[in-house]
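What you see is a predicted model, and the numbers here were worked out from it, not measured in a lab. Sequence lines set the chain letters: A, B, ... in the order given, protein chains first and strands last, and positions in each chain run from 1. Both backbone and side-chain heavy atoms feed into the values below; hydrogens, waters and symmetry mates do not.
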Number of protein chains: 2
Amino acid sequence: MKLLTRNTDYAIRAVCYIAGNKKELISAKELVGALKIPRPFLRKILQRLNKSGIVRSYKGLGGGFKLALPVNKIFLTDIIEAFQGPFVLNECSFRKALCPNKKICPLKKRIDKIEGYVTAQLKSITISELLKG
Amino acid sequence: MKLLTRNTDYAIRAVCYIAGNKKELISAKELVGALKIPRPFLRKILQRLNKSGIVRSYKGLGGGFKLALPVNKIFLTDIIEAFQGPFVLNECSFRKALCPNKKICPLKKRIDKIEGYVTAQLKSITISELLKG
DNA sequence: ATTGAATGATACCATTTTAGTATCATTTTG
DNA sequence: CAAAATGATACTAAAATGGTATCATTCAAT
Ligand code: FES
Ligand code: FES
């Protein structure tokens with residue numbers, strides 16, 4: 001089971017690279033060179049990071065990307081959710097088949113609890129922490 | 001992100017059905033009728049449950065399946081792992097790219113911790129508990 | 001022994017998700 | 001205007017998941 005898809009993985013790397021650089025703007029070109037990610041793929045990823053409000057893009061000559069927020073305000077979940085959708089572990093496929101009453105279902109209850117813990121943990125990880133490593 | 005795939009889901013239902021039945025052996029035929037799962041698919045699932053040592057199969061006329069263990073000894077992780085492979089959240093795709101030293105990587109450390117919690121929780125859920133719901 | 005009811009093994013196909021590419025339009029600076 | 005950048009979008013490829021089909025094997029009843 002994968003917590004992070006390749007998209008997410010690359011996105012984190014890109015964000016970390018941008019964050020750890022003193023230049024005001026980083027172009028896709030530079031990121032491709034640094035991260036060895038196929039250019040069109042990385043471009044798509046950057047576009048999505050932009051749409052999700054994690055980075056901000058600037059067009060035209062000398063353009064590129066910079067973080068939209070300070071490093072300690074960008075959470076791992078932000079990036080995961082941008083690429084993998086909202087973090088939900090279990091939408092419960094059993095329903096009536098197994099559980100007449102979803103409200104008191106012991107399985108659902110416990111999975112919800114696990115999910116709560118995981119999301120809380122992921123929400124507490126910021127880019128700033130990753131840079132320290 | 002899905003914690004349980006359809007395979008796993010069906011497998012859990014099948015195991016619960018078998019567990020909640022007083023008959024000694026339950027045939028695939030009966031399970032198909034009860035669970036409304038396509039027969040060849042369910043058969044494959046039962047075969048895997050058998051190979052994984054969760055149920056035990058008996059061939060021939062009057063044959064079928066029964067649990068290989070008491071209900072309080074079958075853990076949710078057993079079934080998940082039988083169908084989805086070992087439970088690992090993150091094999092770390094970053095390595096050198098991001099982390100010169102994997103041992104002290106803050107991301108890896110935290111994901112490992114999350115994983116530990118999740119597996120511990122899942123290991124504590126047995127079929128016996130699901131039947132109570 | 002033969003038959004029929006069951007599972008075992010295995011190969012195959014379909015669908016969905018993820019990964020990646022290609023192309024053209026738009027914006028901005030010089 | 002031209003060049004350098006991103007935006008939008010449609011397409012293709014690969015992998016994982018979901019599902020089917022077929023034949024072999026075992027076992028009990030007769
Ligand atoms: S198994 Fe999902 S509500 Fe019970
Ligand atoms: S990001 Fe994986 S070891 Fe650091």
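Here the nucleotide nearest the side chain of B:Arg43, chosen from D:dT22, C:dA19, C:dT26, is D:dT22. Closest to the side chain of A:Phe65, from the set D:dG7, C:dG8, C:dT10, is D:dG7. Comparing D:dC27, C:dT10, D:dT6 by their nearest atom to the side chain of A:Ser27 picks out D:dT6. Ranking D:dT26, C:dA5, D:dT6 by closeness to the B:Leu61 side chain, first place goes to C:dA5. You'll find that the side chain of B:Thr5 is closest to D:dG18, out of C:dT26, D:dG18, C:dT7. Of all nucleotides listed (D:dG19, D:dG7, C:dT21), C:dT21 comes nearest to the side chain of A:Pro40. Distance from the side chain of A:Lys2 is smallest to C:dA19 among C:dT7, C:dT28, C:dA19. For A:Ser57, whose side chain is taken as the heavy atoms from C-beta onward, the closest listed nucleotide among C:dA5, C:dT7, D:dT6 is D:dT6.
A straight line from OH of B:Tyr58 to P of D:dC27 spans 11 Å, rounded to a whole angstrom. Remark: P of D:dA16 and CE of B:Met1 are 16 Å apart, rounded to the nearest angstrom. Atoms CG (A:Leu4) and P (C:dT18) sit 13 Å apart, rounded to a whole Å. C:dT18 atom P lies 12 Å from atom NZ of A:Lys44, rounded to whole Å. The distance between atom CD1 of B:Ile45 and atom P of C:dA9, rounded to the nearest whole Å, is 16 Å. The separation between B:Gln84 atom CD and D:dG18 atom C1' is 13 Å, rounded to whole Å. Rounded to whole Å, atom P of C:dT17 lies 10 Å from atom CZ of B:Arg6. Between the CZ atom of B:Arg48 and the C1' atom of D:dG19 there is a distance of 14 Å, given to the nearest Å.
Close to D:dG7, at under 4.0 Å from its OP1 or OP2, lies a side-chain N or O of A:Asn50.
Distance alone, capped at 3.5 Å, places no donor-acceptor pair between the A:Gln121 side chain and the A:Gly116 backbone. In this structure a side-chain-to-backbone donor-acceptor pair under 3.5 Å is missing from A:Asn7 to A:Phe83.
Nearest-nucleotide positions on DNA chain D for B:Leu42 and A:Ile26 put A:Ile26 closer to the 5' end. Taking the nucleotide of DNA chain C with the nearest heavy atom to each of A:Gly60 and A:Phe41, the more 5' of the two is matched to A:Phe41.
Separation of atoms CG (B:Leu89) and CE (A:Met1) is listed at 5.5 Å; rounding is to 0.5 Å. One distance of note links CG of A:Leu31 with CD1 of A:Ile26; it measures 6.5 Å at 0.5 Å rounding. In this structure, the separation between CD on B:Glu81 and CD1 on B:Ile54 is 9.5 Å, given to the nearest 0.5 Å.
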